[in-house]
Amino acid sequence: MEVTILGAHNIESRDTRCISLLIDGVLAIDAGALTSSLPFPAQQKLKAVLLTHQHYDHVRDIPAIGMNFYLHENTIDIYSTRPVREALSAHLLNDALYPNFMEKPPGKPAIRFNTVETGRAESIAGYTVLPVTVNHAVPTIGYQVTSAGGKKVFYTSDTGPGLDECWGQISPDLLIIEVTALNKYNDFARQSGHLTPALLLQELESFRRLKGYLPKVVTVHMNPLDEKGIKAEIDAAARALNTKIRLGHEGMRIEL
Ligand SMILES: [Zn+2]
Ligand SMILES: [Zn+2]
């Protein structure tokens with residue numbers, strides 16, 4: 001299994017992209033940087049896109065990929081929860097902001113939306129995909145993706161602290177977890193459903209207590225304006241845990 005980080009941040013610029021992951025070139029998770037990071041042939045190789053929640057930085061390329069698949073006369077499978085489907089229909093693919101590619105063209109729409117349920121594993125594009133509830137400002141799921149060879153990656157998406165129940169359901173080799181803000185924003189992070197390095201440390205301590213091990217850890221969704229400071233605080237958390245934590249970046253590839 002090869003995981004590529006297409007977008008590793010929470011805001012976009014020439015040098016940073018919104019969150020998007022790609023597994024083996026065929027399965028994407030979140031659509032913050034799908035079209036801007038991938039040439040057309042690579043887009044057409046996508047078998048499915050898993051969406052974690054409806055926030056704009058995670059779904060922004062859905063209309064764009066819809067248009068690209070429409071013009072290629074192809075269909076892309078999107079998976080997520082009912083609230084995400086409703087938000088896309090109401091706000092992005094509503095025939096006002098952009099065409100409703102879930103119905104266009106008739107008979108063979110460019111986007112086929114598939115609803116997932118938390119806690120129920122499904123076979124998607126040759127992987128076993130388990131959606132797990134996390135703690136964010138809107139209903140949000142993380143995904144554990146297991147390859148045919150048994151390798152497992154879990155991506156938390158946006159989440160605040162209190163992940164014990166989530167940890168109980170997964171056993172990843174690689175954990176891709178959000179760390180949005182500096183420790184001085186702990187209160188903001190708790191209120192808005194995000195993590196700081198200090199909160200990450202607590203969650204990883206819980207993980208190790210509950211599971212008896214720590215997976216490889218890569219952080220994403222960092223605020224690039226504070227990234228230097230966030231890195232220093234993550235390094236301190238890693239020292240406290242006596243483990244290694246890497247900050248994700250655009251173009252990073254992780255082999256499992
Ligand atoms: Zn969010
Ligand atoms: Zn986000």
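Whatever order the structure lists them in is the order used to number ligands and atoms, beginning at 1. Any value given below was found using the heavy atoms of this structure, including those in side chains, with hydrogens, waters and symmetry copies removed.
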*Go through the structure and list residues passing side chain to side chain contact (heavy atoms under 4.5 Å, CB included) with Pro172, not counting sequence neighbours.*
Gln144, Phe154, Ile170, Phe207, Tyr213, Pro215
*Salt-bridged, Asp77 to Arg112, with N to O below 4.0 Å?*
yes
*Do the side chain of Asn135 and the main chain of Gly193 share a donor and acceptor less than 3.5 angstrom apart?*
no
*Output yes when Asp235 and Lys231 qualify as a salt bridge under the 4.0 Å nitrogen-oxygen rule, no when they do not.*
yes
*Identify which protein N/O/S atoms are less than 2.8 Å from the Zn ion (ligand 2).*
Asp57 OD2, His58 NE2, Asp158 OD2, His221 NE2
*So Tyr185 and Phe188, would you call those rings parallel, tilted or perpendicular, with 30° and 60° as cut-offs?*
perpendicular
_Taking Glu12 first and then Arg60, would you say they form a salt bridge - that is, a charged N and a carboxylate O separated by under 4.0 Å?_
yes
